[in-house]
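To start, the structure itself, in structure tokens.
Only this structure's heavy atoms are used, side chains among them; waters, hydrogens and symmetry mates stay out.
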Amino acid sequence: DTAMSYQAAVDYLIIDSVAPDVPGVGAAGTVHDWMVSASIVAAVDVPVVLACGLSPDNVAAAIEIVHPWGVDSLTCTNRLLPGGGFEKDLDVVRRFAQAVQGKAVS
């Protein structure tokens with residue numbers, strides 16, 4: 001119901017997760033119930049981008065279940081830097097893209 005109430009005012013929706021140890025919504029690297037996401041995709045008339053702990057190991061399954069317009073990954077495609085902060089792990093991003101494209105992931 002919440003997603004449907006926003007669809008008239010937005011160009012797309014991003015579905016992400018919450019985690020008790022991370023403030024706000026998103027950037028927690030936490031997977032949620034993809035069946036809930038699939039029901040949102042089926043119910044709204046705007047594109048839906050799925051985020052929620054997506055990694056090279058689970059993004060293909062998430063796409064198969066949810067059928068989102070797009071996918072997003074922050075936490076699971078980053079590496080922590082010494083002293084704090086993070087940066088993209090380009091090898092993980094490559095494997096993520098291969099999984100999205102349906103190629104074998106090593």
dist Gln98:CD -> Arg95:CZ (nearest 0.5 Å) comes out at 8.5 Å

Joint hydrophobic cluster, Val36 plus Leu50, side-chain heavy atoms closer than 4.5 Å:
yes

Same hydrophobic cluster for Ile14 and Val48, using side-chain heavy-atom links shorter than 4.5 Å among ILVMFWY?
no

Evaluate the side chain to side chain contact (heavy atoms under 4.5 Å, CB included) criterion for residues Val44 and Tyr6: first the C-alpha distance (whole Å), next the side-chain angles of each, then the deciding distance (0.1 Å), finally the verdict.
CA-CA 9 Å; Val44 299; Tyr6 282 106; over 6 Å; no

Taken to the nearest 0.5 Å, the spacing of Trp34 CH2 from Ile63 CD1 works out to 9.5 Å

Measure the CG-CZ distance between Leu74 and Phe86 for me, rounded to the nearest 0.5 Å.
5.0 Å

Do Pro56 and Val92 touch side chain to side chain, with heavy atoms closer than 4.5 Å?
yes

Assigning hydrophobic clusters by single linkage (Ile, Leu, Val, Met, Phe, Trp, Tyr; side-chain heavy-atom cutoff under 4.5 Å), is Tyr12 placed with Val71?
no

If Ile, Leu, Val, Met, Phe, Trp and Tyr residues are connected whenever their side-chain heavy atoms lie under 4.5 Å apart, and connections chain through other members, are Val10 and Val49 in the same group?
no

About how many Å separate OG of Ser37 and CG of Asp16, when rounded to the nearest 0.5 Å?
9.5 Å

Rounded at 0.5 Å granularity, tell me how far CG in Asp89 sits from CZ in Arg94.
10.0 Å

Ala99 and Val59 have their tightest heavy-atom pair at CB-CG1, 3.6 Å

Provide the closest heavy-atom pair for Ala43 versus Met4 in the form atom of the first, atom of the second, distance.
CB-SD, 3.9 Å

side-chain hydrogen bond (donor to acceptor under 3.5 Å, both in side chains) contacts in which one or both residues fall within residues 41-53, not counting sequence neighbours:
none

Using the test side chain to side chain donor-acceptor pair (under 3.5 Å), find all partners of Thr77 that sit at least two apart in sequence or belong to another chain.
Ser73, Lys88

Rounded to the nearest 0.5 angstrom, the CG-CZ distance for Asp72 and Phe96 is 7.5 Å

Are any of the side-chain heavy atoms of Ile15 and Ile40 separated by less than 4.5 Å?
yes

